[in-house]
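Protein chains get the first letters and strands the later ones, always in sequence-line order, with residue 1 at the start of each.
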Amino acid sequence: MEEHYEPAKVERQAQDYWAAHDTFRALEDTTKEKFYCLSMFPYPSGRLHMGHVRNYTIGDVISRYQRMRGKNVMQPMGWDAFGLPAENAAIKNNVPPARWTYENIDTMRTQLMRLGFGYDWARELPTCRPEYYRWEQWFFTRLFRKGLVYKKKAIVNWDPVDQTVLANEQVIDGRGWRSGAAVERCEIPQWFLKITDYAEQLLRDLERLPDWPAQVLAMQRNWIGKSEGVEIGFPYNGGVLKVFTTRADTLMGATYVAVAPEHPLAARAAQDDERVAAFIEDCRQGGLAEAELAVQEKKGVPTKLTVQHPLTGERLPIWVANYVLMAYGEGAVMAVPAHDERDFEFAHQYGLPIKQVLEHVLRRVKPWKERSPGAGEDQYYEFDPATWKDWYASKSVDDVLVVNSGKYNGLSSAEAIDAIAADLAAKRLGEKRTQFRLRDWGVSRQRYWGCPIPIINCRTCGAVPVPDEQLPVVLPEDVTFKGVKSPLKTNPDFYRTECPSCGGPAERETDTFDTFVESSWYYARFCSPDNNRAMLDARVDYWLPVDQYIGGVEHAVLHLLYARFFHKLMRDEGLVKGDEPFTRLLTQGMVLNGGIKMSKSKGNIVDPEALIERFGADTVRLFMMFAAPPEQALEWSESGVEGAHRFLRRLWRQVYIHVDDNNQSIAGGQRLGEDQKRLSRKLHETIVKVSDDIGRRYTFNTAIAANMELLNELSRFGDRSPQGRAVMQEALEAIVLMLSPIVPHIAHRLWRALGHETAVVNCAWPRPDEGALARETTELVVQVNGKLRGHIQVPAGADRVQTEQTALSNDNVRRYIEGRRVRKLVVVPNRLVNIVVE
RNA sequence: GCCCGGGUGGCGAAAUCGGUAGACGCAAGGGACUUAAAAUCCCUUGGCCGUAAGGCCGUGCCGGUUCGAGUCCGGCCCCGGGCACCA
């Protein structure tokens, strides 16, 4: 073999071998256990970044490991090709989004190949191709017919200068990023998928995902946000205002109601009240992002309208308040300032009455007499959220008593909820129901570079889905952008059509789908990417569910929830079996440079390609897997990369010295000497550890560290006897096998150098040898009162008495127990003895 | 603001189920080889005290549980991710 490690040459040879042998082509084979390993596909932004390299290295390591475990592995790759950046590039550089996208895909594909990932490229799938999105359109028309799709008005960010809808990302400090104009919220009709119909299932089935990270399950659970409560009607002149509350027990403490600025009652109040109209107009300022809305100052305005309390008939004022979200519940709340922090803050600010109806203690002070001159003595309460929360946390709803509430006095909170709900039901002004925080999924985007929504709008027939035989509705790719507006909106060739129902003139929908729609089902299409007669076919039954899914934790809620939703939709359409798409999930951490995320604006991007050029793909892969466990943020380090490269050179050198030592033969099978035995035991302990680290724990960093330790031992092992060389051969082979998923190219070459005709990619994972693992003695530590005082050796399998005696007779230990009474002896087998003395 | 994470040497980290804190690597310092440099190899390396044996302190902060806490519990501080039109 060559004396020096030349990554470029070694990597080309390995990649040529895999290509020539179609190594990663995955075919259905019912005689073998399948393993579908999927990494979240990239948006083709231009060039691969370190986050991609990390994500795809993790996936490739798992895939190659499972292959060595005998699984029939499928690892596909595709492109999440629709999206906003292509349009921005088009507007900026006058290049059609399609061309920009396809060129990026070509660049990034080459980069992925250069990294040696074992993808089945025959399944490659760009979502911007009609072969892909026609099935998305077809599926949408199925959902339409099932009533799972509807149109309603929804709020968007409106740029009044560019006359266009902005993404949240394009709203910076309340202004449009290109025009700089103050953004307004306005309502336009949009298509929605009824994900709320599946809320219960999406919540319940989280229990079927034991191999998902607990924090992702928690985030999804909270996002879906199921709460049990009561819908209460407050009658007013001309109707009933509905609110939802989880705390119906506090109904008698309601002192006003508040509606969102977009609520119909707000509009009605504004008709003859300029102050209300001005407030509503004022609330339209700014973007729609919840993070923005949640931190803004709580503001409100009283209306001239009132509602009746459903039980007492008392008149309560209606306020319009910016802290009430139209998107949650009914867009209106009953306000109970004494027992709700936000309501309290608001009531405090505007001098609204506070009526205590639960027996908790309010601090009596005189906070706002000046602001609220008419307030009675009993209203001088200071809300002390800390006291209130602590007190509440210490009690259950069964313990807290209702006060100041007429016939409900003396009931517990829980009893009061039931009693009040029953009384409301009798009056037809309320009923118990479940409310979800989850909202229906708005899929309309007023953009060009997306999948056209397959709907035709007809004056007489309304919204008509495009019939199957007219699919796909092809997005014209040869377009020029005039300004920022979607070219579809101004292209009569695209939108002028006939109504499929009545044949009259009609117009196509010019909105496109949210790109989350494409990424919600691509994992299934990878099983049948070439089928031009159906969305999916029987092959999904072999490959699905995905055994291992890997991607950024930033997708913990939206993408992963939408994909789970789509799986259930496809299941109910008879397209897939099973309830969940991803059996096991790994959420990988970000790649940081200087403690912050790599980004263009920070100027701290490190280009993977330059590194591959300098050190080779194996070094980059090794560093990525060694620097941190996959779920943690990874700090970029130039010298760390050099360290990884040094390790590969040391490994190469060790193999070179071993195989170059021609004057000595290899002969195993005889009784091993002490050093040989020690090395052999270390080897097999390493196999046990690395198998667990890669196969179960996914802590690739510690797996690599264990191999480094073993190699360090090897370099200290100077035994060149035939027997010693046999142990060395076995150890080097095991290291090469164990590292091959991580650094497959160098492993490919070294495996050959160690005398094998076979390719390492097709080899089986090494097995530990029980005999080699056996130990004659165990080392334990001895503590006195929990402090480390000595180390002892006991024979393997020593009993408790013998272990205790050995511990008590240790010289250093005796210094600490001399003259003191031993109160307790704690023995943890194979670990420690703790002697507790007075 | 709400939901979810994280905080351990000079740095990245390890400690898997409550049981030896700092494996492995980087950086730094010392040495070997070399005309020299690179490369490579060897040694030292949490802080403080001690010639040494060894000792004391130490896992963001405060408190608790335990024979024993980086790990569990309560409270706080700081950093990161997500918040529905970035993907």
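- Using a 4.0 Å heavy-atom distance criterion, A:A291 is classed as a base contact.
- For the segment residues 209-217 of chain A, residues with any heavy atom less than 4.0 angstrom from an atom of RNA chain B are, sorted by number, A:Q215.
- Nucleotide B:C17 is shown with a syn base, its glycosidic torsion being within 90° of 0.
- Between A:H52 and A:H49, the ring-plane angle classifies as parallel under the 30° and 60° cut-offs.
- When each of B:G1, B:A84, B:C85 is scored by its nearest atom to the side-chain atoms of A:A294, the top-ranked nucleotide is B:G1.
- The base-pairing partner of B:G22, taking Watson-Crick or G-U wobble contacts with both distances under 3.5 Å, does not exist among the strands shown.
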### side chain to side chain contact (heavy atoms under 4.5 Å, CB included) between A:R54 and A:M625, worked out
CA-CA 8 Å; A:R54 189 178 195 196; A:M625 302 305 276; 5.8 Å; no
### Task
Go along nucleotides 68-82 of chain B 5' to 3' and tag each nucleotide: B for a protein heavy atom under 4.0 Å from its base, S when only backbone or sugar atoms are that close, - otherwise.
------------SSS
Less than 3.5 Å apart, which donor and acceptor atoms pair up between the side chains of residues 781-791 of chain A and the rest of the protein, not counting sequence neighbours?
unit_1 : atom_1 : unit_2 : atom_2 : d
A:N785 : OD1    : A:V837 : N      : 2.9
A:N785 : ND2    : A:V837 : O      : 3.4
A:R789 : NH1    : A:Y816 : OH     : 3.4

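- For residues 824-838 of chain A, the pairs satisfying side-chain hydrogen bond (donor to acceptor under 3.5 Å, both in side chains) are A:R821-A:E838, with sequence neighbours left out.
- Here A:Q296 lies out of heavy-atom contact (under 4.0 Å) with every strand.
- Rounded to a whole Å, the CZ atom of A:F192 is 10 Å from the C1' atom of B:A84.
- Using a 4.0 Å cut-off, some side-chain N or O of A:Q632 falls inside it from OP1 or OP2 of B:A13.
- Pair assignment for B:G46: B:C57, on the basis of Watson-Crick or G-U wobble contacts that are both within less than 3.5 Å.
- Across all strands shown, B:A84 has no partner, as no Watson-Crick or G-U wobble contact with both distances under 3.5 Å is found.
- A close approach under 4.0 Å does occur between a side-chain nitrogen or oxygen of A:R697 and OP1 or OP2 of B:A15.
- A:Y562 has its OH atom 9 Å from the P atom of B:A84, to the nearest Å.
- Here B:A84 presents its P atom at 17 Å from CD1 of A:I224, a figure rounded to the nearest Å.
- Residue A:N812 is the one, among A:N812 and A:K824, whose nearest nucleotide of RNA chain B lies closer to the 5' end (criterion: closest heavy atom).
- Taking a pair to require two hydrogen-bonding distances under 3.5 Å in either a Watson-Crick or a G-U wobble arrangement, B:G5 pairs with B:C79.
- Using N1 to N3 plus N6-O4 or O6-N4 for Watson-Crick, or N1-O2 and O6-N3 for G-U wobble, each under 3.5 Å, B:U40 pairs with B:A32.
- A centroid separation of less than 6.0 Å is found between the aromatic rings of A:Y132 and A:W521.
- A syn orientation is assigned to B:G9, its glycosidic angle lying within 90° of 0.
- Comparing B:G19, B:A87, B:G12 against the side chain of A:E635 picks out B:G12 as the nearest.
- Across all strands shown, B:G70 has no partner, as no Watson-Crick or G-U wobble contact with both distances under 3.5 Å is found.
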### Task
Give the B/S/- string for nucleotides 22-32 of chain B, one per nucleotide from 5' to 3', where a protein heavy atom under 4.0 Å of the base yields B, of only the sugar-phosphate yields S, and otherwise -.
-BBSSS-----
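- At the phosphate of B:U40, OP1 or OP2 sits under 4.0 Å from a side-chain N or O atom of A:R649.
- Within the structure, every side-chain polar atom (N or O) of A:R789 is placed at least 4.0 Å from both OP1 and OP2 of B:U20.
- Within residues 149-157 of chain A, the residues approaching RNA chain B are A:V156, A:N157, by heavy-atom distance under 4.0 Å.
- Following rounding to the nearest Å, A:M624 (CE) and B:A13 (P) show an atom-to-atom distance of 13 Å.
- Separation of the A:Y549 and A:W212 ring centroids does not fall under the 6.0 Å cut-off.
- For the pair A:N830 and B:G19, the criterion of a side-chain N or O lying under 4.0 Å from OP1 or OP2 is not met.
- Using the six-membered ring where Trp is involved, A:W100 and A:Y43 have ring planes that are tilted, between 30° and 60° apart.
- Within the nucleic acid shown, A:Y323 has no heavy atom closer than 4.0 Å to any nucleic acid atom.
- On a pure distance criterion of 3.5 Å, no polar donor-acceptor pair joins the side chain of A:E290 and the base of B:C3.
- In this structure, A:E779 and A:D514 both approach RNA chain B, and ranking their closest nucleotides by distance from the 5' end singles out A:E779.
- Taking 4.0 angstrom as the limit, A:Y816 places a side-chain polar atom (N or O) nearer than this to OP1 or OP2 of B:G55.
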